[in-house]
Protein chains: 2
Amino acid sequence: MDHEVTVDHGGSVDYGEADPFQWDTREDCQVRQILDRVADKWSLLVIALLDRRRLRFTELRREIDGISQRMLTVTLRQLERDGLVKRTVHPVVPPRVEYELTPLGGTLHHTIQTLVSWTEEHQNEIAAARADYDARAAAEESP
Amino acid sequence: MDHEVTVDHGGSVDYGEADPFQWDTREDCQVRQILDRVADKWSLLVIALLDRRRLRFTELRREIDGISQRMLTVTLRQLERDGLVKRTVHPVVPPRVEYELTPLGGTLHHTIQTLVSWTEEHQNEIAAARADYDARAAAEESP
DNA sequence: CGGGATCCAATGGGATACTG
DNA sequence: CAGTATCCCATTGGATCCCG
């Protein structure tokens with residue numbers, strides 16, 4: 001039960017760990033699929049907001065500018081399915097549903113916070129790079 | 001030239017740093033926009049692959065399973081515009097264009113690598129959570 | 001080889017209305 | 001309040017052709 005299983009993907013390429021700096025970039029790869037979920041626009045924001053908090057549906061909706069009710073629902077369901085967010089329904093009227101990070105979601109939060117921090121720290125450099133790029137592009141078109 | 005500028009966003013809400021754990025989640029916020037770019041499916045993969053390497057267009061295309069020529073072009077242009085990737089054209093025939101991370105892109109790579117590593121480490125937990133979720137969902141529908 | 005331009009299909013995602 | 005369901009449009013992104 002604890003031995004490795006080699007799956008035949010139909011190709012003859014060797015996908016072993018020949019290169020420690022290389023990882024599996026195939027579409028059907030687990031990591032790729034999870035990355036798509038985790039690196040999602042809304043997921044990122046939801047996880048970032050749920051740090052040390054426990055928010056209700058409407059609170060999240062209000063905090064995340066621009067998200068529609070539909071996308072918040074979809075995003076929360078995905079995160080719940082992935083075991084990153086815990087959903088608690090309080091049987092009262094009116095309904096009260098709260099969302100919080102699971103321990104697993106908490107570990108991801110650290111990583112995401114790093115990404116957010118990086119963005120905050122370098123936003124000026126990026127803005128400058130964009131301005132520079134746009135200026136060059138404009139200069140080439142109109143001599 | 002080095003004093004802070006306060007921009008009036010047209011609203012009367014106070015978006016000051018009242019809460020150190022809270023950040024600006026408005027759509028027109030720089031961080032939000034950059035996050036969207038940086039947390040993009042393909043951008044993530046390109047940056048992850050360009051670490052300590054310098055790859056040609058076709059090499060990137062081959063490495064990233066499932067990316068179309070169009071999306072690779074678009075992604076590389078965006079990354080170049082943001083100052084994260086440097087594009088070098090060698091004036092030979094046939095053309096030889098190489099891409100590499102800029103120093104700024106290098107700093108981002110660290111962060112992204114953390115995200116990729118997190119995914120690799122926790123993929124089994126996530127897969128288990130999904131299976132569990134799906135099992136419960138199926139159980140509820142068919143009694 | 002490394003794209004730019006174009007066309008078209010898929011899908012993401014908003015608006016709205018209804019429910020427990 | 002916290003969704004679900006439906007409709008529908010806008011953007012994303014793939015396929016194809018062409019050019020330097």
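In what follows, every heavy atom counts, from backbone to side chain, and hydrogens, waters and symmetry copies are set aside. Reminder, nothing fancy here: chain letters follow the sequence lines and each chain counts from 1.
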Listed nucleotide nearest any side-chain atom of A:P95, set C:dG4, C:dG14, C:dG20: C:dG20
Exam field: side chain A:Q123 to backbone A:E120, donor-acceptor pair closer than 3.5 Å: yes
Most 5' of A:I67 and B:T73 on DNA chain C, judged by nearest nucleotide: B:T73
For atom CG of A:L72 and atom P of C:dG12, their distance in whole Å: 17 Å
A:R96/A:E98 ion pair, N-O < 4.0 Å: yes
Pair of N/O donor and acceptor under 3.5 Å linking C:dG4 base with B:Q69 side chain: yes
Touch class at under 4.0 angstrom, heavy-atom based, for A:R61 against every strand present: nothing
Distance in angstrom units between A:D40 CG and C:dG13 C1', rounded: 12 Å
Residues B:R81 and A:D134 bridged, charged N to O under 4.0 Å: yes
Which nucleotide in D:dG3, D:dG13, D:dC1 has an atom nearest any side-chain atom of A:V97: D:dG3
Phosphate OP1/OP2 of D:dG3: any A:Y99 side-chain N/O under 4.0 Å: yes
Sidechain-backbone polar pair: B:D65 side chain, A:E27 backbone, donor-acceptor under 3.5 Å: yes
Atom-to-atom span, CG of A:D36 to P of C:dG12 - whole angstrom: 11 Å
Interatomic distance where CZ belongs to B:R70 and P belongs to D:dT11 [whole Å]: 13 Å
d(CD, A:E59; P, D:dC1) in whole Å: 11 Å
Nearest-Å distance for atom pair CZ/P, residues B:R62 and C:dC1: 9 Å
Nearest-Å distance for atom pair CH2/C1', residues B:W42 and D:dT11: 17 Å
Pair A:R32 + A:D24, salt bridge at N-O below 4.0 Å: no
Atom-pair distance (CZ on B:R37; C1' on D:dT12), nearest Å: 13 Å
